[in-house]
Amino acid sequence: MILPREPHLETVPLTGPVSFAARRFRLNHFPLNWHRHPEVELTCILRGSGLRYVGDSVEAFQAGDLCLLAGGLPHSWTSTPGVPGRVKSVVVQFHPAAWGDVFWEMPEMRAITAMLVRARHGLQFTSAVHLKIATRLEELCAEKSSTRRLFSLLEILHHLSAVRSPRTLSLGTAGVVPANADARMHRVLERIHQGRAEPLSQAALASEARLSPTAFSRFFRKMIGKTFVDYVNDLRLGEASRQLLETNDSISEIAFRVGFGNLAHFNRRFRLTRGMAPREFRRRANPAD
């Protein structure tokens with residue numbers, strides 16, 4: 001099973017005079033549905049297990065899985081067909097624009113806004129957080145008052161925003177630019193993304209930014225939160241992961257295509273970041289193969 005290269009665009013249904021969708025699913029299984037939508041999504045798995053795809057991440061999931069995904073991030077939860085009622089989930093989807101820019105600029109919303117920025121890579125919360133949130137999500141779905149539904153959602157988001165260091169799922173960094181980045185950093189990131197498969201010289205980029213190599217290193221780490229080398233490697237590994245999921249090309253072809261000049265180095269970095277070899281990563285994503 002190979003994921004479609006392009007996730008299909010899904011339209012989130014809204015029933016009645018509401019600004020967000022909150023739905024419960026009880027299915028025989030979670031079908032492969034590689035898709036994206038502009039809405040933020042909070043998915044809570046109550047029953048079932050299988051594989052979770054988020055961006056370039058592919059991992060096993062089970063009951064207790066709780067993830068927050070920013071709009072535009074492709075994803076799918078999938079499981080093997082089974083008996084009726086085998087899987088159960090709650091999914092909440094909302095478009096931040098529906099509530100207006102002024103709403104998100106309020107001081108009271110800063111923590112939630114910051115969390116939604118981090119959710120561009122997908123965030124997974126612990127099973128302990130799931131225990132506290134799952135019942136609230138089911139109650140939100142059952143609530144008849146649209147006003148109380150909105151209050152419940154904000155309370156849930158507030159609780160999640162207070163969680164320290166939820167786990168990031170997807171490595172992909174393209175298009176994720178810090179809100180405080182200036183025009184100089186935007187130019188640097190654009191140059192990196194355009195030439196990510198080519199040899200990239202930190203000294204040359206520092207010169208383009210009119211900074212010394214030492215100042216550029218400090219500047220980059222302050223803006224991005226990781227070193228230049230780690231950022232480029234994560235960008236390349238994210239693209240390699242996508243190609244491992246979406247193509248049948250050999251591992252060596254993919255490694256060299258995304259910018260690794262040495263296959264052993266690619267395998268070592270991939271295992272260090274993903275916790276498994278590229279071949280195992282592909283096998284888990286495509287068990288039928």
Side-chain angles (χ1 to χ4, degrees), residues 7 10 12-15 18-55 57-80 82 84-96 98 111-112 115-146 148-170:
E10 181 179 88
V12 173
L14 294 179
T15 304
V18 295
S19 62
F20 67 95
R23 296 177 287 168
R24 287 175 287 193
F25 294 91
R26 294 181 178 87
L27 306 167
N28 290 344
H29 71 287
F30 295 121
L32 178 64
N33 180 27
W34 183 234
H35 69 285
R36 61 183 175 85
H37 42 70
E39 290 80 6
V40 174
E41 177 171 313
L42 179 62
T43 292
C44 177
I45 304 298
L46 301 174
R47 186 189 306 150
S49 61
L51 289 175
R52 176 192 354 96
Y53 302 88
V54 173
S57 167
V58 54
E59 296 178 341
F61 75 87
Q62 58 187 0
D65 198 40
L66 179 66
C67 297
L68 181 69
L69 314 179
L73 185 61
H75 57 278
S76 179
W77 276 255
T78 181
S79 63
T80 304
R86 186 180 176 210
V87 300
K88 180 181 177 183
S89 66
V90 176
V91 178
V92 176
Q93 298 158 313
F94 66 93
H95 200 313
I112 295 176
M115 175 181 66
L116 296 183
V117 170
R118 298 196 304 275
R120 292 172 179 172
H121 295 291
L123 299 176
Q124 183 196 31
F125 298 90
T126 64
S127 56
V129 177
H130 178 279
L131 284 174
K132 296 179 180 178
I133 294 297
T135 301
R136 295 185 188 183
L137 285 169
E138 289 201 275
E139 291 173 348
L140 185 157
C141 290
E143 178 59 61
K144 301 300 182 182
S145 167
S146 58
R148 291 198 186 100
R149 279 163 51 93
L150 179 57
F151 288 162
S152 295
L153 175 56
L154 291 176
E155 184 181 12
I156 290 168
L157 293 175
H158 168 71
H159 182 87
L160 294 177
S161 70
V163 174
R164 301 184 67 176
S165 304
R167 193 169 68 90
T168 300
L169 294 174
S170 178

## Note on the structure
Note: G55 and S170 closest approach over all heavy atoms is CA-OG, 3.8 Å

### Message
Test of understanding: with side-chain hydrogen bond (donor to acceptor under 3.5 Å, both in side chains), list the residues that count as partners of S89, not counting sequence neighbours.
### Response
none

### Task
Working to the nearest 0.5 Å, report the span between CZ of R47 and CG of L27.
11.0 Å

### Message
Apply side chain to side chain contact (heavy atoms under 4.5 Å, CB included) to residues W77 and D65 and explain how you reach the verdict.
### Response
CA-CA 10 Å; W77 276 255; D65 198 40; 3.0 Å; yes

### Message
Using 30° and 60° as the class boundaries, would you call the ring planes of F30 and F61 parallel, tilted or perpendicular?
### Response
tilted

### Task
Output the distance between atom CG (L154) and atom OG (S161), rounded to the nearest 0.5 Å.
10.5 Å

### Message
To the nearest 0.5 Å, what is the distance between CZ on F20 and CG on L14?
### Response
9.5 Å

## Note on the structure
In short, salt bridge (charged side-chain N to carboxylate O under 4.0 Å, His left out) pairs touching residues 129-140 with sequence neighbours left out are K88-E138

#### Entry: Flag if over 12 foreign heavy atoms under 6.0 Å of CZ, R23
yes

### Task
Could you tell me which non-hydrogen atom of S76 sits nearest to which non-hydrogen atom of P31, and how far apart they are?
OG-O, 4.0 Å

### Partner set under side-chain contact (heavy atoms from CB on, under 4.5 Å) for S146, not counting sequence neighbours
V18

### Query
What distance separates L42 CG from I133 CD1, expressed to the nearest 0.5 Å?
8.0 Å

### Task
Please name all residues satisfying side-chain contact (heavy atoms from CB on, under 4.5 Å) with A134, sequence neighbours left out, ordered by chain then number.
C44, L46, H130

#### Entry: More than 12 heavy atoms from other groups under 6.0 Å of NE2 on H158
no

### Summary
Note: P13 and A21 closest approach over all heavy atoms is O-CB, 3.5 Å

### Query
What residues, two or more places apart in sequence or in another chain, satisfy side-chain contact (heavy atoms from CB on, under 4.5 Å) together with S165?
none

### Task
Identify, with sequence neighbours excluded, every residue that meets ring-ring contact (aromatic ring centres under 6.0 Å, His included) alongside H35.
H8, H37, H75

### Message
Checking F94 now: which residues fulfil ring-ring contact (aromatic ring centres under 6.0 Å, His included) with it, not counting sequence neighbours?
### Response
W99

### Query
Between CH2 of W34 and OG1 of T78, what distance do you get to the nearest 0.5 Å?
12.0 Å

### With sequence neighbours excluded, residues passing salt bridge (charged side-chain N to carboxylate O under 4.0 Å, His left out) with R24
none

### Query
By side-chain hydrogen bond (donor to acceptor under 3.5 Å, both in side chains), which residues pair with E59, not counting sequence neighbours?
R52, R167

### Message
Restricting to side-chain contact (heavy atoms from CB on, under 4.5 Å), what partner residues turn up for S152, sequence neighbours left out?
### Response
L140

For residues 66-73, dump all side-chain donor-acceptor pairs below 3.5 Å to protein atoms at least two apart in sequence or in another chain.
none

### Query
Tell me, do N33 and E10 make a side-chain contact under 4.5 Å, heavy atoms counted?
yes

## Note on the structure
All heavy atoms of S79 vs all of S49, minimum pair found to be CB-O, 3.0 Å

## Note on the structure
Interatomic distance, CZ@R36 vs CD@E41, rounded to 0.5 Å, equals 14.0 Å

